[in-house]
Amino acid sequence: GGGVYCSGSSPTLTSCTISENSAYSYGGGVYCSDSSPTLTNCTISANSAIYGGGVYCRSGSAPTLTNCTISGNSASQFGGGVLSERSSSTLTNCIVWGNTSESVCGTLSHCLTDRDPLFVHNGVFDFTRFVTVEILGREYSLPDFIVVPPDYRLQPGSPAIDAGTSEGAPTTDIEGNGRPCGAGVDIGAYESGDCPAPTAHFKRGDANASNGLDIADAVFILSYLFAKGTAPACLDAADANDDGRLDIADAIKILGYLFAQAGPLPEPFEACDIDPTIDALDCIDFVPCRR
């Protein structure tokens, strides 16, 4: 694992750049073993290994990559882009293109793998180039693969523009711009256009906006659904399971957290933030998170 090594773990990486790393054997950019990392809005480029230049997964791993750009990686044997061995990868809205050798394994949804995505600049790489640096009196040979830096933003006319799915997509891109920005979600880490990010902050599960999470929130949701009670001012806060719908399952999710040790609610939880996923629900106002 040249850049990121995961073993028996499930880290979350968001809006990250994993670049110019080298592994002697497996996983120049990301290596997974018995792991299920989640990568969103990440670029993985200019990494090198014998197997799996960009991402290498093995032994029951199940990584999830959403709106990631995997390009310009090199594997001298197999899997320049994404290589899965005895594992299952799920890629949604991802660009996997321009890797050597070109390959991608896993379950793909709305991904671009067979056409030029028309990046602003593909970058120029030399995977034989290393630089010697001295650290605490010792010399180390480090990758110096980037000759000309890539620019993975999309040019007008790119087949990746408006070609993604909104299901599970983040509401911002790697630079914090609003997503979608146009007729649909773009594929890859960058959203074309200049749209502001969502600004409504809230706390998941706090349906009655009391600045706390307790049984009253579950009762508030059930009253709204079945007894013509007051509608939540922030529907996103009441969407406790973050499935884009407001129904009895949200009340059950809250009760499970409070009384059955069912684990935390999806983000934003306990701290004010924007909704990380696109859905049809709105948040008009959430008093505890007013700025």
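The shortest side-chain heavy-atom distance between Pro170 and Arg179 falls under the 4.5 Å cut-off. Counting only heavy atoms from C-beta outward, the side chains of Val185 and Ile278 approach each other to under 4.5 Å. Side-chain contact check for Thr172 versus Asn177: every heavy-atom pair is 4.5 Å or farther apart. Here the side chains of Val30 and Ile44 are in contact, with some heavy-atom distance below 4.5 Å. In this structure the side chain of Asp236 never reaches within 4.5 angstrom of the side chain of Asp282, judged on heavy atoms. Contact annotation: the side chain of Thr43 never approaches that of Ile18 to less than 4.5 Å [non-hydrogen atoms, C-beta and beyond]. Inter-residue side-chain proximity for Val96 and Leu91 is flagged as met; some heavy-atom pair is nearer than 4.5 Å. Between Thr90 and Leu65 there is no side-chain heavy-atom pair separated by less than 4.5 Å.
Under the salt bridge (charged side-chain N to carboxylate O under 4.0 Å, His left out) criterion, Arg204 pairs with Asp242, Asp275, sequence neighbours left out.
Contact check on Arg58 versus Glu85 returns no salt bridge, with no Lys/Arg side-chain nitrogen under 4.0 Å from an Asp/Glu carboxylate oxygen. The residues Asp144 and Arg129 are annotated as salt-bridged, a charged nitrogen and a carboxylate oxygen being separated by less than 4.0 angstrom.
For Ser158 (side chain) and Pro117 (main-chain N/O), a donor-acceptor pair under 3.5 Å exists by modelled atom type. Between the side chain of Thr69 and the backbone N or O of Ala189, at least one donor-acceptor pair lies under 3.5 Å. Using a distance-only test at 3.5 Å, with no hydrogens or angles considered, a donor-acceptor pair links the side chain of Asp206 to the main chain of Asn211. Listed for the Ser9 side chain is no donor-acceptor partner under 3.5 Å among the backbone atoms of Pro11. At distances below 3.5 Å, at least one donor-acceptor pair connects side-chain atoms of Ser35 with backbone N or O atoms of Ser33.
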Do Thr171 and Ile274 pass the side-chain contact (heavy atoms from CB on, under 4.5 Å) test, and can you show the C-alpha distance, the side-chain angles, and the key distance before you say yes or no?
-> CA-CA 8 Å; Thr171 54; Ile274 63 172; 3.9 Å; yes
Given side-chain contact (heavy atoms from CB on, under 4.5 Å), test Leu246 with Tyr224 step by step and report yes or no.
-> CA-CA 10 Å; Leu246 190 54; Tyr224 166 65; 3.5 Å; yes
List the steps and the verdict of side-chain contact (heavy atoms from CB on, under 4.5 Å) for His121 and Arg153.
-> CA-CA 8 Å; His121 198 289; Arg153 291 175 295 174; over 6 Å; no
CA sep, side-chain torsions, deciding dist, call: Asp279, Leu235, side-chain contact (heavy atoms from CB on, under 4.5 Å) | CA-CA 11 Å; Asp279 56 42; Leu235 297 177; over 6 Å; no
Could you walk me through whether Ser192 and Asp186 pass side chain to side chain donor-acceptor pair (under 3.5 Å), step by step?
-> CA-CA 7 Å; Ser192 60; Asp186 293 351; 2.7 Å; yes
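With a 6.0 Å radius and a threshold of 12 heavy atoms from other residues, nucleotides or ligands, Arg138 has its CZ atom at or below the threshold. Atom CD1 of Ile215 has 12 or fewer heavy atoms from other residues, nucleotides or ligands within 6.0 Å. The number of heavy-atom neighbours closer than 6.0 Å to CG of Asp114, taken from other residues, nucleotides and ligands shown, is above 12. Within a 6.0 Å radius of CD in Gln155, more than 12 heavy atoms belonging to other residues, nucleotides or ligands are found.
Heavy-atom minimum distance, Cys16 versus Ile174: O-CD1, 4.1 Å. A pairwise comparison of heavy atoms in Ala237 and Lys203 identifies CB-O, 3.5 Å as the closest pair. Pairing each heavy atom of Phe127 with each of Ala46, the nearest pair is CE2-C, 3.8 Å. Of all heavy-atom pairs spanning Ala207 and Ile221, the tightest one is CB-CG1, 3.7 Å. Summarising the geometry of Ser45 relative to Pro150, their closest heavy-atom pair is OG-CG, 4.4 Å, with the distance given to 0.1 Å. Closest of all the heavy-atom pairs between Ile146 and Ser19 is CD1-OG, 3.6 Å.
Judged as a disulfide bond (SG atoms under 2.5 Å apart), not a single pair has a partner in residues 28-57 (not counting sequence neighbours). For residues 179-208, the pairs satisfying disulfide bond (SG atoms under 2.5 Å apart) are Cys181-Cys195, with sequence neighbours left out. Sorted by first then second residue, the disulfide bond (SG atoms under 2.5 Å apart) pairs that include residues 225-291, not counting sequence neighbours, are Cys234-Cys283, Cys272-Cys289. A disulfide bond (SG atoms under 2.5 Å apart) check over residues 129-179, counting only residues at least two apart or in different chains, returns nothing.
With 3.5 Å as the limit, one finds a donor-acceptor pair spanning the side chains of Ser84 and Ser89. Inspection of the Asp173 and Asn41 side chains reveals no N or O donor paired with an N or O acceptor under 3.5 Å. Between the side chains of Asn99 and Asn73, at least one donor N or O sits under 3.5 Å from an acceptor N or O.
Considering CG of Leu112 and CD1 of Ile187, their distance stands at 5.5 Å, rounded to 0.5 Å. Atom OG of Ser109 is separated from atom CD of Glu167 by 7.5 Å, given to the nearest 0.5 angstrom. We find the OH-OG1 distance between Tyr152 and Thr17 to be 10.0 Å, quoted to the nearest 0.5 Å.
The cluster map of Ile, Leu, Val, Met, Phe, Trp and Tyr, joined by side-chain heavy atoms under 4.5 Å apart, puts Leu108 and Ile70 in the same cluster. Residues Val104 and Ile50 do not share a hydrophobic cluster, defined by chaining ILVMFWY side chains whose heavy atoms lie under 4.5 Å apart. Cluster membership check: Phe78 does not share its hydrophobic cluster with Val55, using side-chain heavy-atom separations under 4.5 Å among Ile, Leu, Val, Met, Phe, Trp and Tyr. Residues Tyr26 and Tyr5 share a single hydrophobic cluster, defined by chaining ILVMFWY side chains whose heavy atoms lie under 4.5 Å apart.
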List the atom pairs, with distances to 0.1 Å, where a side-chain N or O of residues 248-267 and a protein N or O form a donor-acceptor pair under 3.5 Å, not counting sequence neighbours.
{"residue": "Asp250", "atom": "OD1", "partner": "Ala240", "partner atom": "N", "Å": "3.0"}
{"residue": "Asp250", "atom": "OD1", "partner": "Asn241", "partner atom": "N", "Å": "3.2"}
{"residue": "Asp250", "atom": "OD2", "partner": "Asp247", "partner atom": "N", "Å": "2.9"}
{"residue": "Glu267", "atom": "OE1", "partner": "Phe269", "partner atom": "N", "Å": "3.0"}

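Between Tyr56 and Tyr31, the ring center distance clears the sub-6.0 Å criterion. For an aromatic pair to be called close, the ring centres must be under 6.0 Å apart, and Phe130 with Phe145 satisfies this.
Ring geometry for Phe286 versus Phe202: interplanar angle over 60°, hence perpendicular rather than tilted (30 to 60°). Using cut-offs of 30° and 60° for the angle between ring planes, the Phe119 and Trp97 rings count as perpendicular.
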